[in-house]
Amino acid sequence: MRNNIFTILKKELRRVFLDRKLAFTVFIMPGLTIAILYSVMGGMIEKTGDDAMDHVALVKTINVPSAFSDIASELYGDGMDVLPISIMDTEVAKKEVEAGDIDVLVIFREGSPAAIERYTNSVKDFSVRAGYMIDGIIDSMRLEVLGEKLGGIEETIIYNFTQIDLAKAEQRAGKAIGMLLPMLLTVFLFAGAMQVGMDIIAGEKERGTLSTMLLTPVKRSHIAIGKMLSLAIISLASCLSSLAGVLLSLPFSNSMFGGGFNVSDIAYSISDFALLIVQMIFMAVLFVSIICAMSALARNIKEAGGFIVPAYMIVLLMSMSSMFVRPEGLWGYFIPVYGNLLSIKDILMFEYKVVPGFAAIFSTLVFAGVMAFLMVRTFNSERIMKSA
Amino acid sequence: MVIVKDITKTFALSKKQMKMNGTRNKKKVAVKNVSFTAVPGEIYGLLGPNGAGKTTTLRCISTLIKPDSGSIKVDGFDTVNESSTVRKRLCLLTNELKADPNFSADYLFAFFGRLHGMTDEEIEKRKKFLFEVFGISEFAGIKTVDMSSGMKQKLSIALSLVHDPQVVIFDEPTNGLDIITARVVLDYLKRLRDEGKTVIISTHIMTVAEKLCDRIGMIMDGGIEAEGTLSEILEMTKEEDLDDAFFNIYKKSRERLDEK
Ligand SMILES: Nc1ncnc2c1ncn2[C@@H]1O[C@H](COP(=O)(O)OP(=O)(O)O)[C@@H](O)[C@H]1O
Ligand SMILES: [Mg+2]
């Protein structure tokens, strides 16, 4: 009888591998999309950074002391253009900041203490950046005045303040990767399994080919298991494709992760990769079980989509929240899907621990078991399979 | 041999089905207390109008659904408790069965052969024979999706017969078939009968029953109202042909229903 499961498994795999269009969407597209997405986004971010470097901050000033321009050219050189204007032009200059024609307007007003007004436009990146530059100038001016009062600029130094990051380069790289990758893997793993799963279960019902299988001596539960296993293999293959896509695109995309690491800093060991693949297998099993159970319930592909898309949304929500929040303690690992995501993140960030890892696998197995049970029950149900 | 003993099958209707049937009953008794026996070497025909319960009866025999009560034995095996063994011995053909469009005839034949536990040699031998009978050999290598509809029909019939079953069940054998295919199929059913197979068909077409069936069970509204060979039925009803005999019996069963 195990033979039969294998026969069915082979048929389903053949179906997907021989269908060039389907094979492309399932195995090539995830990797390709991720690679292109990462590279393009990485390239864009890098370019934005370069533009910012090239950009000369345009600053108009009203009534500023001469020290302002001196410090500006001392700190930023050609990077900042300071243009004093008359107080009469205040409103015009404000409009220019609003429109992005200039980056900042700075107004000094005499008094005790004197007042400084800095006008920027927070939706314009150049304006925001120029604003910080102005802050630097004003800080320096303050220190200069303070130094004069105290009898020397050295007197203003109260602390020697040094910032040191003890994170290893590999940890920084891990954090950058661990942020996005679990979510992307989830998206592609689920989407691939969904497309194929709906076709080989609900689609076969719709086409009237499933009943031909129900009329063979093979047990219905074995037909169900054969289909489920083939889907697990297919979705795992598509997942490995996405993973390959990420790795291939890293050289072009590291600035996407804040530019905080070099590709050579990625230092996962063989056992890290093994753990990652194990967790991915369990996640694939989990998704496949959900998709199979729902496809089995549906009469046709359209109905199956109606059942599965809400589940997909929930999975997406979980993966997004796992990007930002990390629950205290173990309980999060017991939530199906969510626990898997946390474990994958742990592996990528070099923080994997055995107990939470097993908690995630345990909950996955229990949940997938329940789903598989439901699927087999559905296959055995006359009411639901009557259309077959 | 197929022995159907006093089977009843009730369906729970969904709201949509209730509307479609124009009824307020939540349940539909599709088959009630049906009994008959079909023996090797004969073609047994269930003749009845649409909705009489023919398909339901045949689906019960082929283990797709379970009767609520009563029992069915196929070559001595129970369709509920020994369903796998029963499926090894019978095949159900309908015009709703489809061949998977993504595969070739060759592949599908081997696939179903394996699911029936046949060896590669057995499959090859059987394939040669059946593809010859139905004229599929020439198209065996192309994907089903690229076949003509007549060819698809013949293929799905050949696929159902892969395991050379002792009992062949065909729901409305000429329905939806093109005329040439229908002729090939009917001839093959006769040949199966002559080989000593048990053949059960359902039909609502008088001439099919008349020409093909050795014995006829007239089924109306879920129950068998008359049974026998063509001449027995004509004698019983004192009519000239099957058409008239059928209406004779139909009227009587209506009258009985109305009295109730
Ligand atoms: N799955 C089902 N659910 C509800 N009612 C059904 C189902 N299958 C058949 N029926 C009903 O049972 C009756 C007999 O149907 P069927 O056996 O298909 O008749 P026939 O094949 O003789 O035309 C019909 O009234 C039909 O509407
Ligand atoms: Mg019918």
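Quick note on labels: first sequence line is chain A, next is B, and so on, each numbered from 1. Every value quoted in this text rests on a predicted model; they were computed, and no experiment measured them. Values below: every heavy atom of this structure, side chains too, minus hydrogens, waters and symmetry copies.
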Problem - Enclosure of K5(B) NZ (heavy-atom neighbours >12, cutoff 6.0 Å) - result: no

Handout entry: Pairwise side-chain contact, L18(A) with K143(B), heavy-atom cut-off 4.5 Å (strictly under)
Key = no

Handout entry: Enclosure of R207(A) CZ (heavy-atom neighbours >12, cutoff 6.0 Å)
Key = yes

Exercise for the section: Go through the atoms of F103(B) and report whether side chain, backbone, both or neither lie under 4.5 Å from a heavy atom of chain A. Expected result: side chain

Exercise for the section: For residues S62(B) and L215(A), determine if any side-chain heavy atom of one lies less than 4.5 Å from a side-chain heavy atom of the other. Expected result: yes

Exercise for the section: Decide yes or no for K11(A) and Y107(B): does some side-chain heavy atom of the first lie under 4.5 Å from some side-chain heavy atom of the second? Expected result: yes

Handout entry: Side-chain heavy atoms of L115(B) within contact of I8(A), under 4.5 Å
Key = yes

Exercise for the section: Check whether any side-chain heavy atom of R114(B) lies under 4.5 Å from a side-chain heavy atom of F6(A), and answer yes or no. Expected result: no

Fill in the blank from the handout: Rounded to the nearest 0.5 angstrom, the OG1-NZ distance for T209(A) and K98(B) is 9.5 Å

Problem - Main-chain N/O of K66(B) paired to E382(A) side chain as donor or acceptor, under 3.5 Å - result: yes

Problem - Side chain S84(B), main chain P217(A), donor-acceptor under 3.5 Å - result: yes

Practice task
Would you give the length of the straight line joining atom OG1 of T212(A) to atom CZ of F112(B), rounded to the nearest 0.5 angstrom?
Solution key: 3.5 Å

Problem - More than 12 heavy atoms of other groups within 6.0 Å of M18(B) CE - result: yes

Handout entry: E195(B), CD: over 12 other non-hydrogen atoms inside 6.0 angstrom
Key = yes

Practice task
Assess whether atom CZ of F362(A) is packed by more than 12 heavy atoms of other residues, nucleotides or ligands within 6.0 Å.
Solution key: no

Exercise for the section: Below 4.5 Å from any heavy atom of chain A, which atoms of D100(B) appear? Answer side chain, backbone, both or neither. Expected result: both

